Amino acid sequence: QVQLVESGGGSVQAGGSLRLSCAASGYTYSMYCMAWFRQAPGKGRERVSIIYTSGGSTYYADSVKGRFTISQDNAKNTLYLQMNSLKPEDTAMYYCASDTSPQRCSQNRHAYWGQGTQVTVSS
């Protein structure tokens, strides 16, 4: 089984930075992808970024491209999301997710989820 535990959320002013972490435990060797999602009140869940654990390929939503960076530390089994130049519209609950299936990864569907960490950006 896989467990994901997130940390690093908080409140910042516009233009500030935050670094989210997702510590993974369990049989993490089998994960094909890891991703960050976010959901703001009254809005649907949005995939922010995804990284493929073996090859390291990454993808970003247009709304965060150039500002956010996803990375992984395989030795520590930890996923990161560095968020710079934060905007009020980045305010949301951020979730770490992973999956062992290439098909679900490609379909933005993930079997494992963290509990979420709140990010609030004030103007």
Side-chain angles (χ1 to χ4, degrees):
Q1 60 184 44
V2 175
Q3 183 179 9
L4 305 175
V5 180
E6 299 156 327
S7 61
S11 298
V12 297
Q13 293 185 333
S17 298
L18 284 173
R19 189 194 195 199
L20 305 184
S21 299
C22 173
S25 61
Y27 294 101
T28 58
Y29 70 91
S30 63
M31 290 188 293
Y32 190 79
C33 68
M34 299 190 73
W36 289 99
F37 289 78
R38 67 185 182 186
Q39 187 166 21
K43 296 184 178 181
R45 189 171 60 198
E46 174 189 22
R47 191 183 72 182
V48 176
S49 184
I50 187 170
I51 184 168
Y52 291 88
T53 56
S54 59
S57 298
T58 60
Y59 299 90
Y60 297 91
D62 288 341
S63 58
V64 307
K65 195 172 298 181
R67 299 187 297 118
F68 291 10
T69 303
I70 190 170
S71 62
Q72 61 185 355
D73 186 332
N74 290 329
K76 298 180 179 179
N77 290 320
T78 302
L79 178 73
Y80 301 99
L81 185 67
Q82 179 66 47
M83 305 185 295
N84 298 326
S85 301
L86 284 163
K87 304 175 180 179
E89 51 263 44
D90 294 320
T91 296
M93 185 72 75
Y94 283 72
Y95 299 91
C96 175
S98 67
D99 210 294
T100 61
S101 168
Q103 290 74 29
R104 286 193 293 273
C105 286
S106 68
Q107 296 170 358
N108 295 330
R109 298 164 58 190
H110 298 76
Y112 302 100
W113 293 84
Q115 80 288 350
T117 184
Q118 179 67 40
V119 172
T120 302
V121 184
S122 60
S123 60

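Model, not experiment: these values are computed from the prediction.
Once rounded to the nearest 0.5 Å, the distance linking OG of Ser71 with CG of Leu81 reads 8.5 Å. Atom SG in Cys105 sits 4.5 Å away from atom NE2 in His110 (nearest 0.5 Å). In this structure, the separation between CE on Met93 and CZ on Arg45 is 13.5 Å, given to the nearest 0.5 Å. In this structure, Gln72 CD and Ser54 OG are separated by 8.5 Å, a value rounded to the nearest 0.5 Å. To the nearest 0.5 Å, atom OH of residue Tyr59 and atom CG of residue Asn108 are 11.5 Å apart. Note: Lys43 NZ to Glu89 CD = 8.0 Å, rounded to the nearest 0.5 Å.
The hydrophobic cluster containing Met34 also contains Val64, counting ILVMFWY residues as joined when their side-chain heavy atoms lie under 4.5 angstrom apart, directly or transitively. Note: the hydrophobic cluster containing Val119 does not contain Tyr80 (ILVMFWY, side chain heavy atoms under 4.5 Å, direct or indirect links). Hydrophobic clustering places Tyr112 together with Met31 (ILVMFWY residues linked when any side-chain heavy atoms are closer than 4.5 Å, directly or through intermediates). At a threshold of 4.5 Å between side-chain heavy atoms, the hydrophobic network of Ile, Leu, Val, Met, Phe, Trp and Tyr places Leu79 and Val48 in one connected group. In the hydrophobic cluster analysis, where Ile, Leu, Val, Met, Phe, Trp and Tyr join through side-chain heavy atoms closer than 4.5 angstrom, Val2 is grouped together with Trp36.
The two residues Ser98 and Leu4 come nearest to each other via the heavy atoms OG-CD1, 3.8 Å. Residues Thr100 and Pro102 approach most closely at O-CD, 3.6 Å, considering heavy atoms. Shown here for Ala92 and Ala40, the closest heavy-atom pair between the two residues is CB-N, 3.9 Å. Of all the heavy atoms in Asn84 and Gln82, the pair that sits closest is OD1-NE2, 3.0 Å. Of all the heavy atoms in Ser122 and Pro88, the pair that sits closest is C-CG, 4.5 Å. Looking at every heavy atom in both residues, Arg109 comes nearest to Asp99 through O-OD2, 3.6 Å.
Put simply, the side chain of Val121 does not reach to within 4.5 Å of the side chain of Lys87, judged on heavy atoms. Taking 4.5 Å as the limit, some side-chain heavy atom of Arg38 sits within range of a side-chain heavy atom of Asp90.
A donor-acceptor pair under 3.5 Å is formed between the side chain of Tyr60 and the backbone N or O of Ile70. A distance-only check finds no donor-acceptor pair linking the side chain of Thr58 to the backbone of Ile51 [under 3.5 Å].
No more than 12 heavy atoms of other residues, nucleotides or ligands lie within 6.0 Å of CD in Gln13, so this atom counts as exposed by the packing criterion.
Under the 4.0 Å criterion applied to side-chain N and carboxylate O atoms, Asp62 and Lys65 are assigned as salt-bridge partners.
Inspection of the Ser63 and Glu46 side chains reveals an N or O donor paired with an N or O acceptor under 3.5 Å.
Classification of the Trp113-Phe37 ring pair by plane angle, with boundaries at 30° and 60°, yields tilted. Between Phe68 and Tyr94, the ring planes lie tilted relative to each other; the angle falls in the 30° to 60° range.
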